[in-house]
Amino acid sequence: MKNKARGWQVITEWLAAHDRQPFVFQEEAWEHYIQGRSGLVNAPTGYGKTFSLFLGSVIDWINQHPKDYKQKTKNGLQMLWITPLRALAKDIARAMIEVLEELDMPWQVGIRSGDTPVSTRQQQKKQMPEILIITPESLHLLLGQKDYPKVFTTLTTVVADEWHELLGSKRGVMVELGLSRLRGLAKGRAPLRVWGISATIGNLDEALDVLLGKPDPTAVIVRARLDKQIELQSILPDEIEKYPWAGHLGTKLLPKALPIILNSKTTLIFTNVRSQTEIWYHEILRQCPELAGAIALHHGSIDMELRVWVEDALHEGILKAVVCTSSLDLGVDFRPVDTVIQVGSPKGVARFLQRAGRSGHQPGAVSKIWFLPTHSLELVEAAALKAAMKEQLVESRMPVLLAFDVLIQYLMTLGISDGFHGAEIWEEITGTFCFRDMTEEEWQWTLSFLTTGGEALYSYDEFKKLEREDDFYICRSRQLALRHRLHIGTIVSDAMLKVKFISGGFIGVIEEGFIARLQPGDAFSLAGHTLEFVMIKDMTALVRKSKAKRAIIPSWMGGRLPLSANLGSVLRRTFSEAMSGNTTEPELKILQPLFNLQENLSHVPKDDELLVEKINTQDGFHLFVYPFEGRLVHEVMATLLAYRISKRQPITFSIAMNDYGFELLSDQEIPVTDEDVHELFSLENLSTDLQTSVNATEMARRKFRDIAVIAGLIFQGYPGKHKANRHLQSSASLLFNVFRDYDPQNLLLRQAFSEAFFYQMEEARLRESLERIYNNKIIITEPAQLTPFCFPIKVDSLRESLTSEKLADRIKKMRPQF
DNA sequence: GACCTGCTGCGGTATG
């Protein structure tokens with residue numbers, strides 16, 4: 001295998017034999033690779049990016065070491081493969097071993113992650129495999145071992161797999177920092193070759209920059225020159241007039257989805273919410289009992305073992321359908337899946353594409369995805385998604401900047417292994433994308449915070465973590481080192497209780513708050529089982545099987561993904577099209593009666609218009625506004641508007657919002673007219689108005705909790721031992737106050753505020769949308785009754801104050817007739 | 001009888 005033609009041939013043959021398209025390593029890319037360049041490979045999921053890159057690098061190695069090929073040699077660690085998912089690590093390892101066998105290469109492939117057994121770890125300590133697949137957290141744990149540089153002396157290549165998944169998060173920052181150290185260790189040798197593997201995102205160039213840290217003019221992006229064909233079809237109700245105007249469940253359309261499931265080999269049904277998967281699972285079985293045993297459900301609060309069982313069953317093709325949340329979004333491909341149903345809004349174009357890509361894995365096959373709306377208006381999203389996909393309006397992943405919490409954790413990691421020299425690490429860190437704008441002053445603050453505890457905590461010894469000897473920093477406390485190892489990582493979880501059968505066997509986790517409301521004997525549902533709650537013991541909820549007909553579905557406090565900016569803007573455009581009358585989209589056609597009603601009662605906004613509805617009901621005076629900017633932006637915008645209106649005249653509001661718009665409700669007439677409505681959206685005095693109206697301190701306080709945990713200021717207790725969430729929250733709050741009062745320059749405090757502005761208020765997006773609205777036409781209507789647009793928002797705001805029974809009554813009364 | 005919202009991911013000790 002001396003020449004590249006032979007190498008290329010091996011790759012092509014292998015990929016073809018394994019049903020994957022050999023498009024990634026084109027001649028040109030291969031050339032880049034063997035010249036030792038770094039870069040980024042981009043292609044849709046399931047198209048063999050991983051394998052092409054892997055084969056390419058192995059064959060390149062063979063070319064460079066022709067004599068060692070096929071010999072059992074101890075080469076040491078050659079390649080580090082970073083993956084965000086443990087499950088993915090296993091998949092990749094399996095495929096790699098297969099490839100190596102075929103090439104007759106006696107290389108070892110190892111996995112290093114949380115579930116790597118101790119014996120394997122010790123084995124690896126003695127001798128590293130040639131290829132190590134690792135998570136970002138485990139990489140940092142390696143960097144926290146004594147003599148860690150020895151492990152990496154032979155390393156030539158690092159691959160960041162699923163880089164788009166890590167990029168926008170603090171886990172991505174961990175990768176950046178890890179890479180900076182590995183590059184530092186490689187100084188004096190051939191520079192590390194670093195490759196990213198990424199699905200399509202809006203900012204691929206930036207993704208490469210983040211991976212590289214310092215610009216590298218020779219680095220390349222290898223793009224797949226193919227368009228994955230995706231076909232979207234909506235599941236339409238027979239009579240749109242009878243389909244709900246609000247809601248998020250979608251079970252009314254299940255009878256229409258069932259034939260699709262029955263006619264497919266294997267179907268994935270994606271929902272947005274964990275409780276929703278439980279509800280759908282039960283509902284499917286109720287309507288189609290013959291599916292018992294052939295369907296399963298999968299979400300993040302179901303015990304790992306059960307999930308793995310479901311995943312294996314998917315691989316083997318023995319399941320007819322799996323109801324799941326985005327826990328099945330990542331990496332691992334399930335070939336038997338031929339049909340995907342998305343229930344409700346996917347909230348973003350990228351996520352939708354990814355889910356669609358779960359079907360039709362075979363090269364050239366069309367991925368088909370069904371969209372099942374949970375309320376009428378959501379059908380517009382289907383039409384918008386089609387347009388967005390056609391135009392490739394995939395969202396960007398914004399890299400995290402200046403995450404001082406992660407930096408502090410990292411420095412401590414280096415401190416507990418061999419210690420570090422300030423100047424050397426400063427050099428490396430400012431070479432990362434995340435910290436390239438860090439000032440010398442900030443660096444000095446960080447070091448002094450770690451050695452003294454900073455201005456507020458200097459009198460507490462436990463915060464003097466590192467000892468300083470000239471420019472050398474090291475942690476000499478075994479106790480602190482131990483604690484630190486337990487806290488490496490950036491994922492801060494909420495306190496959950498495990499659920500276990502009395503007879504043995506874990507089922508999953510639920511929130512403390514949910515179980516606190518249960519009485520022994522109550523029935524609830526988890527992982528598809530109906531369970532009877534027996535008691536709590538050792539922070540575990542013990543249950544037995546129940547035959548109860550009615551069971552409470554647990555709810556989990558999860559994230560609230562807002563509608564993405566991309567999807568929002570296409571959505572606004574789609575409304576314009578819907579009213580143009582010459583649309584061919586079935587989703588828009590079927591909605592025509594609804595649009596007509598909206599137009600008669602009020603107005604359907606065009607692309608360059610903002611609709612404001614003033615409605616009086618027995619509840620009071622409502623102002624509905626529809627920017628289609630996602631709920632986070634709406635929340636802040638609503639608060640801002642309420643404040644600006646109240647400056648005109650004393651008035652109080654209650655606020656409600658969803659992804660499409662928001663509501664201000666008052667008991668007095670709301671003073672907004674055509675003449676003065678524009679100035680409510682003005683950028684003038686925006687910062688001061690925001691500071692007065694939005695409680696930024698409270699938002700920052702909430703953000704600070706994670707920051708304090710990541711920076712290692714709060715000890716979360718030993719594994720297995722429970723520490724109530726309350727304690728965590730209160731100690732974080734305490735620290736927040738202490739910093740605010742005694743150390744206002746504290747960088748972690750500052751970070752909490754900037755995270756609140758960036759992630760919670762989405763300040764940049766808020767500004768953009770205000771500017772857009774300010775330059776748009778604003779149409780104020782005064783409908784005589786609630787409109788299809790405002791209905792979902794109104795229902796949401798009622799839900800908080802009413803029981804579901806009363807709510808159903810109220811909704812019946814509220815709903816206007818066509 | 002139902003117009004029930006709120007995702008995902010990782011990691012770890014020590015003694016007999």
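Treat the numbers as computed from the prediction; the structure is a model and nothing was measured. Chain letters run A, B, ... following the sequence lines, proteins first and then strands; every chain starts at 1.
- Ranking B:dC3, B:dG11, B:dT8 by closeness to the A:Ser327 side chain, first place goes to B:dT8.
- For the pair A:Phe524 CZ and B:dC4 P, the computed distance is 23 Å after rounding to whole Å.
- Backbone-only contact: A:His299 has heavy atoms under 4.0 Å from sugar-phosphate atoms and none from a base.
- No side-chain N or O of A:His487 forms a donor-acceptor pair with one of A:Gln409 less than 3.5 Å apart.
- At the heavy-atom level, A:Gly489 lies nowhere under 4.0 Å from the strands shown.
- Spacing between atom CG of A:Asn272 and atom C1' of B:dC4 amounts to 15 Å, rounded to whole angstrom units.
- Using modelled atom types, one finds no donor on one side chain facing an acceptor on the other under 3.5 Å when comparing A:Trp245 with A:Ser376.
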Any N/O pairs under 3.5 Å between the protein and nucleotides 13-15 of chain B? List them or say none.
none

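- Residue contacts for A:Arg171: at a heavy-atom cut-off of 4.0 Å it reaches the sugar-phosphate backbone alone, with no base atom in range.
- Note on A:Thr135: a side-chain N or O is less than 4.0 Å away from OP1 or OP2 of B:dG11.
- For A:Met174 and B:dG9, the CE to C1' distance is 12 Å, given to the nearest whole Å.
- As judged by a 4.0 angstrom heavy-atom cut-off over every strand, A:Arg351 is placed among residues making no nucleic acid contact.
- Between B:dT5, B:dG6, B:dC10, one nucleotide has an atom nearer to the side chain of A:Asp796 than all others, and that is B:dT5.
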For this session: Starting from the C-alpha separation in whole Å, work towards a yes-or-no answer on salt bridge (charged side-chain N to carboxylate O under 4.0 Å, His left out) for A:Arg705 and A:Asp494.
Result: CA-CA 11 Å; A:Arg705 189 194 122 197; A:Asp494 291 319; 3.3 Å; yes
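- Atom-to-atom, CG of A:Asp659 to P of B:dT5 comes out at 15 Å; the value is rounded to the nearest Å.
- The residue A:Leu141 sits close only to the backbone: its heavy atoms come under 4.0 Å of sugar-phosphate atoms, none of a base.
- In this structure, A:Glu278 atom CD and B:dT5 atom C1' are separated by 14 Å, rounded to whole Å.
- Residue A:Ser275 places at least one side-chain N or O under 4.0 Å from the OP1 or OP2 atom of B:dG6.
- For the pair A:Arg112 and B:dG11, the criterion of a side-chain N or O lying under 4.0 Å from OP1 or OP2 is not met.
- For B:dT8, neither phosphate oxygen OP1 nor OP2 lies less than 4.0 angstrom from any side-chain nitrogen or oxygen of A:Arg307.
- Salt-bridge check for A:Lys170 with A:Glu755: passed, with a basic side-chain N closer than 4.0 Å to an acidic carboxylate O.
- Considering only side-chain N and O atoms, A:Ser138 lies nowhere under 4.0 angstrom from the phosphate OP1 or OP2 of B:dC10.
- Partner A:Trp163 forms a side chain to side chain contact (heavy atoms under 4.5 Å, CB included) with one of A:Leu211, A:Thr83, A:Ile197 and no other, that one being A:Leu211.
- Aromatic pair A:Phe524/A:Phe533: ring centres not closer than 6.0 Å.
- Counting any heavy atom pair closer than 4.0 Å across all strands shown, A:His248 reaches a base atom.
- Not one side-chain nitrogen or oxygen of A:Ser555 sits closer than 4.0 Å to the OP1 or OP2 atom of B:dC4.
- Here the two rings, on A:His140 and A:Tyr410, have centers that are under 6.0 Å apart.
- Ring-plane geometry between A:Tyr660 and A:Phe628 is classed as tilted, the angle between the planes lying from 30 to 60 degrees on a 0 to 90 degree scale.
- Taking atom CD1 of A:Ile134 as the reference point, atom P of B:dG11 lies 9 Å away to the nearest angstrom.
- One can place CG of A:Leu167 at 16 Å from C1' of B:dT8, the figure rounded to the nearest angstrom.
- In this model, no side-chain donor or acceptor of A:Arg483 finds a partner on the base of B:dG12 within 3.5 Å.
- One donor-acceptor pair, N or O on each side, does fall under 3.5 Å between the base of B:dC7 and the side chain of A:Ser326.
- Within 3.5 Å, a donor on the side chain of A:Ser493 pairs with an acceptor on the base of B:dC10, or the reverse.
- Side-chain contact check for A:Lys794 versus A:Leu786: some heavy-atom pair is nearer than 4.5 Å.
- Nearest nucleotide to the A:Ser113 side chain, out of B:dG11, B:dG9, B:dT5: B:dG11.
- At whole-Å resolution of the value, CG in A:Asp161 and P in B:dG9 are 16 Å apart.
- In this structure, A:Lys252 reaches the sugar-phosphate backbone alone: every heavy-atom distance under 4.0 Å involves primed, P, OP1 or OP2 atoms, never a base.
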